[in-house]
Amino acid sequence: MSAADSEKPRKFRAAKRMREIMTEYYIEAKGAGSTGKKVAWITSGGPVEPLIAMDVIPVYPENYGAMIGASHMGGDLCAKAEAMGYSTDLCSYARADIACARENGGPIGGLPKPDMLICCNNICGTVLKWYETHARYFDVPLFIFDTPFCHTEFPDIARKYVHRQLDEYVAFLEEACGRPFDLEKSSEVGRRSLEGQRLWQEVLDTAAHRPAPMTAFDAFFFLALIVTLRGTQVVVDFYRELLSEMRERIEQGVWAIPNERFRLLWDNLPVWYRLKWLSDTFASHDACLVADTYTTAWCGSMKYIDENDFFGSMAEAYTRIYLNIGVDEMAKTIFSMIDKYQVDGLVMHSNRSCKPYSFGQYDIMRMVQEEKGIPCMIIESHMTDERSFSESQTLTRIEAFMEMIRQRKGLRS
Amino acid sequence: MERIVEEFKKASADPIAYGRALKEDGRKIIAFFCTYTPEEIIHASGVHPMRLFGTTRDSSAADRHLQAYCCSLVRGALAQALSGELDFIDGAVFPHTCDSIQRLSDIWRLNTAYGFFADVVLPVKLTSASARSYFEDVLAKLRSDLEKGLSTRISDDDLRASIRTYNSIRASLSELYGFVSRGASPLLPGDVSALVRGSMILERSAAERLLKELVRAHDGIGRKDTNLKRVMLVGGLCDHPDIYRLLLDSGALVVWDDLCSGSRYFEGAIPEDGDPIANLAGRYFERAVCPAKHSSTTARARRLVEAAIRERVQGVIFLQLKFCDPHAFDYPYLKETLDSHSIPSMLLEIEDQLPPEGQLLTRFETFVQTI
């Protein structure tokens with residue numbers, strides 16, 4: 001078999017379908033002006049189900065940020081934002097997206113204009129400032145779903161507060177759409193959302209198999225649907241299909257890394273403009289990134305959802321997501337992932353674009369070393385601003401890290 | 001007057017020494033880092049609330065826990081906690097404001113042992129009735145956490161007494177600021193800054209008494225006209241007295257500010273009758289917000305322009321603490337709004353150490369000459 005042939009079976013059938021779905025989705029969103037549908041820009045961790053129930057098209061500046069990064073357009077766009085006065089230290093998603101909103105640059109010719117903005121601060125405080133900027137520029141209503149941070153607990157007072165906000169959210173949508181909220185339809189959307197999350201978790205779980213049929217880099221790609229369209233049937237059907245493809249691979253022995261020797265866990269968002277380079281570099285060491293804390297975040301709070309009362313329980317689930325919890329709680333999640341996926345080392349992306357995800361990583365790293373005794377490494381970047389990345393420095397670090405892992409396993413380089 | 005100002009200057013220049021001395025007198029001390037701390041509740045418990053500015057000569061102790069792209073306030077505070085500099089405190093309180101303070105709370109909790117610890121997870125949006133009632137719930141929770149943690153009881157009357165003390169401090173600070181802005185005071189803007197910062201350090205009843213004395217000492221002092229340009233500072237914390245001096249040397253008088261070590265600390269009186277917790281919460285919904293909080297998308301710019309017009313400000317200086325995201329996000333919009341009102345502004349990015357004095361003086365002089 002030639003090298004090209006050996007590559008072939010590792011390409012996912014589902015990738016083509018996923019691209020089709022995303023294309024259709026963006027075509028529909030961009031054509032909203034002619035179909036009369038409303039467009040809401042919403043944060044990636046925001047409660048999207050009520051929008052789906054109201055037939056509003058959700059659009060995600062963060063998903064767009066990832067597209068910008070992956071198309072290597074982040075550096076230019078961030079520079080434009082800096083010329084507008086935004087500091088280079090700010091989140092590169094926000095910088096790139098703000099620049100795009102003003103200039104209509106970027107992939108797919110920019111995002112469709114929003115009719116409303118939904119900002120949920122369960123992922124960071126940055127989204128609040130970012131959406132305030134958009135609210136002023138587009139002069140559209142902004143709804144803030146304020147999710148109290150759960151350092152060590154989720155007290156009743158916070159539960160009451162987020163519950164009351166669901167009612168406010170519904171009232172906001174009724175006003176923005178000019179029609180009443182359909183609770184029955186929203187329960188249906190909720191069921192599909194939960195089903196989508198379950199399937200996504202099952203897809204990710206297949207990488208617990210040794211060797212793994214997929215890597216975290218595949219997860220970064222397939223993530224787009226659970227972020228953008230959860231609550232729709234398309235997502236449920238798609239992940240069902242993807243799951244069966246993963247199982248098929250396990251049966252047929254098609255592995256993500258043909259000679260998988262080492263299994264690694266990734267922490268934080270991806271470095272969008274170096275996905276292939278990082279994937280190839282780790283693969284050259286026969287190392288497979290079998291899981292990551294980022295893509296898991298979209299199914300990590302299912303335990304708080306009551307499947308018979310999605311709407312009533314979603315406020316709590318959205319508040320208690322991975323990033324909205326204390327560092328020690330995050331470490332516990334990482335411990336369990338290390339066990340579940342039988343991980344040999346932890347790769348932490350110290351992401352200058354995401355302070356709440358990155359501050360605390362050094363403590364988590366020490367806890368992992370103490371508790372699990374596995375090597376850890378740090379890669380630093382701005383996730384969507386390729387100007388900030390040093391390939392040579394990262395390569396040196398990866399090589400030293402892989403050497404440590406080999407030594408620990410009693411293997412020679 | 002000099003004697004009083006000196007006391008505030010001393011305390012704000014070296015809060016650690018002040019804290020240690022207070023501790024030796026048998027006082028319990030709880031540290032905080034942000035003006036969203038409901039100090040009145042801590043004070044009502046009989047414990048001394050003391051703000052830390054994270055100003056330290058050496059923040060290397062924080063390197064093991066925080067990346068280099070974390071602001072110097074958070075890094076400095078953690079370094080002080082880890083290096084033992086804060087051995088005099090009996091605990092700390094962390095109100096929810098920005099992402100960095102939020103993670104500082106976690107790292108602090110996991111790596112230090114200072115006794116009392118509380119997260120005060122305030123709402124971020126300060127616009128809705130539900131946020132208002134949640135805010136009150138959070139304050140009530142802090143009250144009961146303090147009662148449990150310190151084995152004490154905080155009565156409504158204790159809270160009202162504390163509110164009266166703080167109202168008095170804030171009113172005096174506001175008056176004194178006004179005297180200086182109007183040129184009716186021998187005090188300098190740097191002195192006023194020290195009074196505000198010192199009020200967060202000094203024993204509050206002493207601060208209250210001294211500030212009242214200072215206000216009285218201004219009786220009969222007339223207005224003097226100066227040729228100094230009237231400027232305003234905008235940003236988070238300014239723990240650099242040199243900035244005020246260098247501006248003066250450049251021909252500019254700081255007549256107002258939007259700083260959490262300035263007007264944001266003392267603006268807004270709290271009703272002294274009625275439910276003290278509800279009254280305390282109310283002030284946060286009325287005072288100018290820190291950009292980490294949401295009041296409306298335009299409130300900060302509106303207030304900025306109103307203050308600039310009211311105080312006849314000729315130029316605005318943005319003090320942007322490096323890596324402070326909430327302020328950095330607001331800067332382009334605030335600047336644009338000032339531009340549209342033909343109010344000149346300059347941006348000065350600051351870290352724990354200021355740029356060399358000569359360089360800073362040149363920048364200030366250049367700006368002041370153009371306004």
Side-chain angles (χ1 to χ4, degrees), chain A residues 81 84-87 89-91 94 98 119 121 124-126 128-136 142 144-153 155-158 160-165 167-168 325-331 350 352 354-363 366-367 378 380, chain B residues 63-71 74 94 96-100 102-107 109-111 119 121-125 127-131 133-138 140-141 291-294 296-298 301 320 322-336 347 349:
Chain A
M84 291 158 66
Y86 291 96
S87 161
D89 300 318
L90 291 171
C91 166
I98 289 170
C119 171
N121 59 1
C124 59
T126 283
L128 172 73
K129 304 310 295 175
W130 179 359
Y131 277 59
E132 283 178 351
T133 301
H134 282 330
R136 282 191 296 264
L142 163 67
I144 297 164
F145 197 92
D146 184 11
T147 47
F149 198 83
C150 311
H151 289 278
T152 54
E153 58 172 349
D156 284 341
I157 54 174
K160 193 173 88 185
Y161 178 42
V162 293
H163 269 277
R164 281 185 69 180
Q165 288 181 78
D167 298 335
E168 291 160 12
I325 53 176
V327 164
D328 35 349
E329 284 299 307
M330 290 165 86
S350 169
R352 298 176 78 98
C354 191
K355 294 183 173 84
Y357 214 147
S358 303
F359 295 165
Q361 276 179 323
Y362 292 179
D363 281 77
R366 268 190 300 280
M367 291 181 220
I378 301 261
E380 189 172 304
Chain B
D63 291 348
R64 288 185 76 233
H65 302 273
L66 286 166
Q67 285 90 331
Y69 51 89
C70 175
C71 77
V74 165
F94 294 83
H96 182 96
T97 44
C98 64
D99 293 335
S100 303
Q102 169 188 295
R103 286 296 175 217
L104 172 65
S105 148
D106 286 338
I107 298 170
R109 176 170 53 80
L110 295 168
N111 294 282
D119 285 307
V121 191
L122 300 169
V124 167
K125 71 171 168 189
T127 49
S128 64
S130 61
S133 104
Y134 174 62
F135 204 117
E136 290 175 20
D137 288 344
V138 173
K141 183 174 185 296
K293 297 283 177 210
H294 175 83
S296 85
T297 54
T298 51
Q320 171 63 44
K322 179 90 176 150
F323 305 120
C324 174
D325 291 354
H327 279 283
F329 264 110
D330 272 3
Y331 166 70
Y333 166 62
L334 295 181
K335 183 192 182 303
E336 201 181 285
L347 175 69
E349 193 172 69

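First the proteins, then the strands, lettered A, B, ... as listed; each starts at 1.
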Checklist entry - Got B/His294 and A/Tyr131 here, is their nearest side-chain heavy-atom distance under 4.5 Å? => result no
Checklist entry - What part of A/Ala158 is in contact with chain B, defined as an atom under 4.5 angstrom from a non-hydrogen atom: side chain, backbone, both or neither? => result both
Checklist entry - Does a side-chain N-to-carboxylate-O contact under 4.0 Å join A/Lys355 and B/Asp325? => result yes
Item to check | Chi angles and distances behind the side chain to side chain contact (heavy atoms under 4.5 Å, CB included) call for A/Ile98, B/Phe329 | outcome: CA-CA 11 Å; A/Ile98 289 170; B/Phe329 264 110; 4.1 Å; yes
Checklist entry - Taking A/Asp146 for the side chain and B/Lys125 for the main chain, is one N or O donor matched with an acceptor at less than 3.5 Å? => result yes
Item to check | Max heavy-atom pair count under 4.5 Å with chain B, selected residue of A/Glu132, A/Lys129, A/Glu329 | outcome: A/Lys129
Checklist entry - Given that the side chain runs from C-beta out, which part of A/Leu142 has a heavy atom under 4.5 Å from chain B: side chain, backbone, both or neither? => result side chain
Checklist outcome for this item: All heavy atoms of A/Ala135 vs all of B/Thr297, minimum pair found to be CB-CG2, 3.8 Å
Checklist entry - Do B/Ser133 and A/Tyr161 meet the criterion of a side-chain donor-acceptor pair at a distance under 3.5 Å? => result no
Next on the checklist: If you count heavy-atom pairs within less than 4.5 Å of chain B, which of A/Asn121, A/Thr133, A/Thr126 leads?
Outcome noted: A/Thr126
Next on the checklist: If I measure from the heavy atoms of chain A, does B/Tyr333 come under 4.5 Å with its side chain, its backbone, both, or neither?
Outcome noted: side chain
Checklist entry - If you count heavy-atom pairs under 4.5 Å with chain A, which of B/Ser296, B/Ala131, B/Ser128 comes out on top? => result B/Ala131
Checklist outcome for this item: Smallest heavy-atom separation, B/Ser130 atom then A/Gln165 atom, equals OG-CG, 4.2 Å
Next on the checklist: Given heavy-atom pairs under 4.5 angstrom as the criterion, report whether the side chain, backbone, both or neither of B/Val74 touches chain A.
Outcome noted: neither
Checklist entry - Heavy-atom distance under 4.5 Å between the side chains of A/Tyr362 and B/Leu66, does that happen here? => result no
Item to check | A/Leu128 to B/Ala292 - nearest heavy-atom pair and separation | outcome: CD2-O, 3.8 Å
Next on the checklist: Is B/Cys70 in contact with chain A via its backbone, its side chain, both, or neither, using a 4.5 Å heavy-atom distance?
Outcome noted: both
Checklist outcome for this item: If one checks every heavy atom of B/Ala68 against chain A at 4.5 Å, the contacting part turns out to be neither
Checklist entry - Would you say B/Tyr134 and A/Pro148 make side-chain contact, with heavy atoms under 4.5 Å? => result yes
Next on the checklist: A/Ser87 vs B/Gln320, test: side chain to side chain contact (heavy atoms under 4.5 Å, CB included). Steps then yes/no.
Outcome noted: CA-CA 10 Å; A/Ser87 161; B/Gln320 171 63 44; 6.0 Å; no
Checklist entry - Taking all non-hydrogen atoms of both residues, which atom of A/Gly326 and which atom of B/Asp106 are closest, and how far apart? => result CA-OD2, 3.3 Å
Checklist entry - Under 4.5 Å between any side-chain heavy atoms of A/Phe359 and B/Gln67, yes or no? => result yes
Checklist entry - Is the shortest heavy-atom distance from the side chain of B/Gln102 to the side chain of A/Pro356 under 4.5 Å? => result yes
Next on the checklist: Can you tell whether the side chains of B/Arg109 and A/Asp328 come within less than 4.0 Å, N to carboxylate O?
Outcome noted: yes
Next on the checklist: So which residue, B/Glu349, B/Lys335, B/Glu336, B/Lys322, ends up with the most heavy-atom pairs under 4.5 Å with chain A?
Outcome noted: B/Lys322
Checklist entry - Where do A/Ser350 and B/Tyr69 come nearest, in terms of heavy atoms and distance? => result OG-OH, 2.6 Å
Checklist entry - Which atoms of A/Thr147 come close to chain B, meaning under 4.5 Å heavy atom to heavy atom: side chain ones, backbone ones, both, or neither? => result neither
Next on the checklist: Run B/Arg64 and A/Asp363 through side chain to side chain contact (heavy atoms under 4.5 Å, CB included) and show every step you take.
Outcome noted: CA-CA 8 Å; B/Arg64 288 185 76 233; A/Asp363 281 77; over 6 Å; no
Checklist entry - B/Ala140 versus chain A, heavy atoms under 4.5 Å apart: side chain, backbone, both or neither? => result neither
Item to check | Contact origin within B/Ser105 toward chain A - heavy atom pairs under 4.5 Å | outcome: side chain
Next on the checklist: My understanding is that only residues two or more places apart in sequence, or in another chain, count here; which of them pass side-chain hydrogen bond (donor to acceptor under 3.5 Å, both in side chains) with B/Asp137?
Outcome noted: A/Lys160
Checklist entry - Where is the tightest heavy-atom contact between B/Asp99 and A/Gly125, given as atom of each residue plus distance? => result OD1-N, 2.8 Å
Item to check | Partners passing side-chain hydrogen bond (donor to acceptor under 3.5 Å, both in side chains) against A/Arg136 (at least two apart in sequence or in another chain) | outcome: none
Next on the checklist: When you compare the side chains of A/Ser358 and B/Arg103, does any donor N or O come within less than 3.5 Å of an acceptor on the partner?
Outcome noted: no
Checklist entry - Can you find a pair of side-chain heavy atoms, one from A/Arg366 and one from B/His65, that are under 4.5 Å apart? => result yes
